[in-house]
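The block underneath contains the structure these notes are about, expressed in structure tokens.
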Amino acid sequence: MCKLYPRLAATNLKKNHKVYIPYLLACTVTVMMFCILMTLAMDPVLRTISGGSEVQLILWFGCIVVGVFSAIILFYTNSVLVKQRKREFGLYNILGMEKRHIGRVLLWETVYAALIALVLGLFSAGLFSKLLQLLFLRLLGGAAGFALNISLPVIGVTAAVFAALFFVLYLNTLRVVHLSSPAELLRGTNEGEREPKSNWMLALIGVVCLASGYIMSIKTSTAYDAIGLFFVAVLLVIAGTYLLFMSCSIVFLKALRRNKRYYYKTQHFATVSGMLYRMKRNAAGLASICILSTMVLVTVSTTVSLYLGVEDILDARCPTDIVVKYNRVPETDTLALTQERTRQAVAELGCAVQDETAYRSLAFMTVRDGDTLVVSGDTRYGYQSAGGTMLWLTDAAGYENLTGREAHIEPGCALYWTDGAPFGGAVTVLDRTFTLTQMDGKFPVDSNARIMGVDTLYLVVDSAETLQRIEQAQTAVYGDSASTLQYIHRFNVGGAAEQQLACADAVQEAVTIDNSDGSRTGLAEVDCRQSERTYARAFYGSFLFLGLFLGLVFALATVLIIYYKQISEGYDDRRRFAIMQQVGMTHDEVRATIRTQVLTVFFLPLVTAAVHVAFAFPMIRLMIEAFGLVNVRLFIWCTLGTIAVFAVVYTIVYSLTARAYYGIVNEA
């Protein structure tokens, strides 16, 4: 008797191969992806590259997401398996097997499935982990060795996680079997559904939720607000999608049924009636496909945009090869000496200072009251108050260096440009009033204050002395938290990446002076574009890799839901279409009805997902601005490209699964 259960379990796996093979493939792929991602998260090579610790944190977050979605995917596929096999379990019960015996057979089936998934999954992870590591480090700009990095702890954790998951799946299957009577199990998937009622209240709540999420995305005007409201909007859209698919779809189908000219046609009659009686059960599956499709589109398009826009991000952060920032402007003699030492240090490395620009700048927060900028108390967090305005100042000499245009500014006057509401003929700052003349064109420096919802007033005053007096006045208000007058010296050096990094180190040494007590003081901070590029490639490369990885997980979940939905509906519809042919419907009419039904059901989630992405676009654009990407055109093209590629993949999946559906229906 003990040997009967393993043999019976193996026979069941072979007999139900149509539904078991996709299930085992899903289990294998999820094990493989979880193991590979954990291997990369624990990869010691990552610690040797710039930003490696941040990258590993991102990958650990990815492990959690993949683990959660693995559970969701396996629970869904397992529930379809159990549903399709209810009749089989009922037959076992009728033939004399007690439920505890069925439980033992299910235990062996679970053991077989777990062993197959873990062995194939871990083997596949070992096979593909090096390839993905090379791809990952290529994105990050690092180099990999040839050692296999899958470790015993990774294998142990992966095996433990999925063993626990399979055990929970087994308990869930036992629950279904033990709570159902033999008669209920025998009816299995043949249990009929009553005609669903139109629930206008749920439809209204769904419309409100969806509209609220859309409006929240459209009305959000700052990256600071977008980051805070994004997950609220996502939850509203998810709730609205599920409610609308479950309620509005029924309302819509009943409206079609009331349209006699449309409904009383062979093709439409069968399609509408079949979808109506099944929509209550199918709505959740269609909504899940829609949400997962939206997640694929958003995740992939956003991470691809950030990675392809690295150079645009660098242009904003570090516009030249080297940027030297003096946090306090030194004396004129010291400044001239350090700049000369900078040029000599660069020349000694075989490079030359080119495209040189230098300017003074002072920036601090204010609160705008008409044409007056109020500075009272600590307004470092002024962006949280209505009217918060960043004041960014430079002098005429700095403006000429930045723009190449002459600026003749009289004392008490200023040139200005603002990204907020325009000013009148004058502005008052710290009891000083400046007569304003608007600049020609946008100011060449970006304060990046718009990310936090703050307008910026760019002011060009007559001289460095005026800047110093304004600095002293705001220091009297802010005290230790006051901003300091900076001197920015930026230039290109040309040469290869290694030369630029060497020049940056030499410049840092040149702006460091020896003190009389033997200590050394750095007069400035030195930023190198090449160094920033290495860090940015590592940071955004990890986002791209994780985005593609999660996109693959979400796509896998979408494909599995579509496949099992087609298989489940094929078995449900087989008898119905057989009856239709017996009462006079031709084979061609049946095929046309099936085509209309499948097209309507499976392309509705894709269209809805595209609508979700379109409405989410304004909020996501603001969020990627917080990461430094302001190239909206690039983001648009990446989004459209992602939608196009996903639509092609979705269509291929639809074609393959529809073929399986036709095959099941035609068996009748």
Original post:
What pairs with F615 under ring-ring contact (aromatic ring centres under 6.0 Å, His included), at least two apart in sequence or on another chain?
Top reply: Y214
Subject >> Partner residues of F617 under the ring-ring contact (aromatic ring centres under 6.0 Å, His included) criterion, sequence neighbours left out >> reply: F635
Between side-chain atoms of residues 161-173 and protein atoms elsewhere (two or more places apart, or another chain), which donor-acceptor pairs fall under 3.5 Å?
from: Y170; atom 1: OH; to: G103; atom 2: O; distance (Å): 3.1
from: N172; atom 1: OD1; to: R175; atom 2: NE; distance (Å): 3.3
from: N172; atom 1: OD1; to: R175; atom 2: NH2; distance (Å): 3.0
from: T173; atom 1: OG1; to: N78; atom 2: OD1; distance (Å): 3.3
from: T173; atom 1: OG1; to: L169; atom 2: O; distance (Å): 3.0

Less than 4.5 Å apart, any side-chain heavy atom of [X] and any of [Y]?
X: Y650; Y: P605; value: yes
X: T639; Y: L297; value: no
X: L236; Y: L210; value: no

Would you give the length of the straight line joining atom [atom1] of [X] to atom [atom2] of [Y], rounded to the nearest 0.5 angstrom?
X: S301; Y: I620; atom1: OG; atom2: CD1; result: 6.0 Å
X: W637; Y: T642; atom1: CH2; atom2: OG1; result: 12.5 Å
X: I238; Y: C209; atom1: CD1; atom2: SG; result: 11.5 Å
X: C638; Y: I643; atom1: SG; atom2: CD1; result: 11.5 Å

Original post:
Which heavy-atom pair separates L243 from G206 by the least distance, and what is that distance?
Top reply: CB-CA, 3.7 Å
Original post:
Any side-chain donor paired with an acceptor under 3.5 Å for T241 and H612?
Top reply: yes
Original post:
Looking only at atom types and distance, does a side-chain atom of T299 sit under 3.5 Å from a main-chain N or O of V296, one as donor and one as acceptor?
Top reply: no
Original post:
Could you go step by step and tell me if L544 and L306 meet the side-chain contact (heavy atoms from CB on, under 4.5 Å) rule?
Top reply: CA-CA 8 Å; L544 175 61; L306 287 171; over 6 Å; no
